[in-house]
Amino acid sequence: MKKEIVLTGITTTGTPHLGNYVGAIRPAIQASQMDNVESFYFLADYHALVKTHDPERFRQSTLEVAATWLALGLDTDKSIFYRQTDIPEIMELAWILTCIAAKGLLNRAHAYKALVAENEKKGPGDPDKGISMGLFCYPVLMAADILMFKANKVPVGKDQIQHLEMTRDMAGRFNHIYGETFVLPKAVTDKQSAVLSGLDGRKMSKSYDNTIPLFAPEKKLRKLIMKIKTNSQRPEEPKETAGCTLFEIYQAFADEAQVDQIRQRYAAGIGWGEMKQIVFEHLNSLLSEPRRKYQDLIADPTHIEKVLKEGAEKARAQSIPYLSEIRKKIGVQAIGR
Ligand code: TRP
């Protein structure tokens, strides 16, 4: 049987948080443990360049994200774990795809449109103010990441579904022009809890500054959980689980029996203070072991560098020959002998 190819990346900006774990890291690590799957996981550091122009932060974030995946149990013998900037073939493919992608397609990207809308709200002036070509072309680079390794399935948060649609669009256009070349990938989202809410109830996201870092020290973890927004219901009042951030976070990390129990407590009335304490204790017990591993890894960047270099070697064993096929198709060939 042909192996399924699962691939995902994490942009190396900021410190990885619970939302990243639930939306991408956890399903990815689970998939990597299956026998009929070949998995590719990478640090999307060129994507991070869209947001960060601070070299020290750029480097530090790469280290933190790499340590996160390793601490959470990614098995680098069973999966290919690499850093985007170690694979020059991806950049070359990105340009080839840039020439295939319709500009109109990229105009419709949610992230880009949101920034334009913000500029327009501020009044007359340049609607593209502060928007780099890197941001505009972000979906093209993402398509290159995915198509380079013939991924069938891409575990992502729901906010990335449009990027997968765009990837399929570009792949389809290329195949139409040059003949069957690319595999059309599908987004895989964890239905139950792909997008987690943050401290303020909006989606947990670095851009809203409402995240709970995965490896916050115990004290900090408690402090953040105590800050999660709740309503003003009194402890004895029965409460809704739907739309409750605390419940949602708990649910994302608990098994069915545990969730059922908490659901009953909500129905009977539970104080927010008590629920916060439950969420804290639950998360802390799950995260304390990986947190310790994470700290050991951060203290040994040489080890991480070695792991990434080994991953790059495995990845390039595939990307180099595949890119040379793609170059031939578009006509990059010797023009004489
Ligand atoms: N855009 C993704 C995110 O912000 C990160 C990413 C970059 C990615 N390239 C990818 C995810 C390729 C999946 C596949 O979460």
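As the structure lists them, so they are numbered: ligands from 1, and atoms in each ligand from 1. Reckoned from all heavy atoms, side chains included, excluding hydrogens, waters and symmetry mates.
Less than 4.0 angstrom separates some heavy atom of L7 from each of these atoms of ligand 1: 14 (C). Taking every non-hydrogen atom of A44 and a distance limit under 4.0 Å, the qualifying atoms of ligand 1 come out as 7 (C). When each atom of ligand 1 is checked for a heavy atom of V154 under 4.0 Å away, the hits are 13 (C), 14 (C). Remark: ligand 1 atoms within the under-4.0 Å shell around heavy atoms of D145 are 7 (C), 9 (N), 10 (C), 12 (C). Ligand 1 places these atoms under 4.0 Å from at least one heavy atom of H47: 7 (C), 9 (N). Those atoms of ligand 1 that come under 4.0 Å of a heavy atom in T8, given as number and element, are 11 (C), 13 (C). Atoms of ligand 1 lying under 4.0 Å from at least one heavy atom of F42, given by number and element, are 9 (N), 10 (C), 12 (C).
For F42 and F81, the ring centers are positioned 6.0 Å apart or more.
Cation-pi geometry between R26 and F253 is met: the NZ or CZ atom falls under 6.0 Å from the ring centre, inside 45° of the normal.
Nearest protein heavy-atom contact of atom 2 (C) of ligand 1 is Q160 OE1, 3.4 Å. Among all non-hydrogen protein atoms, the one lying nearest atom 8 (C) of ligand 1 is G9 O, 3.7 Å.
Proximity of I146 to ligand 1, defined as any heavy-atom pair under 4.0 Å, is confined to the side chain (atoms from C-beta onward).
Between F247 and Y266, the two ring planes are perpendicular [angle over 60°; tilted spans 30° to 60°].
Not a single side-chain contact (heavy atoms from CB on, under 4.5 Å) links K113 to another residue, sequence neighbours left out.
Heavy atoms from other residues, nucleotides or ligands lying under 6.0 Å from NZ of K78 number more than 12.
Side-chain N or O atoms of T8 include one that pairs as donor or acceptor with a backbone N or O of P155 at under 3.5 Å.
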**OP:** Let me see the working for Q84 and D145 under side chain to side chain donor-acceptor pair (under 3.5 Å), right down to the final yes or no.
**Re:** CA-CA 8 Å; Q84 191 183 32; D145 292 329; 2.8 Å; yes

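When side chains are defined from C-beta on, R222 counts as touching Q277, because their heavy atoms get closer than 4.5 Å.
Polar contact with ligand 1: present for Y138 (N/O pair, distance under 3.5 Å).
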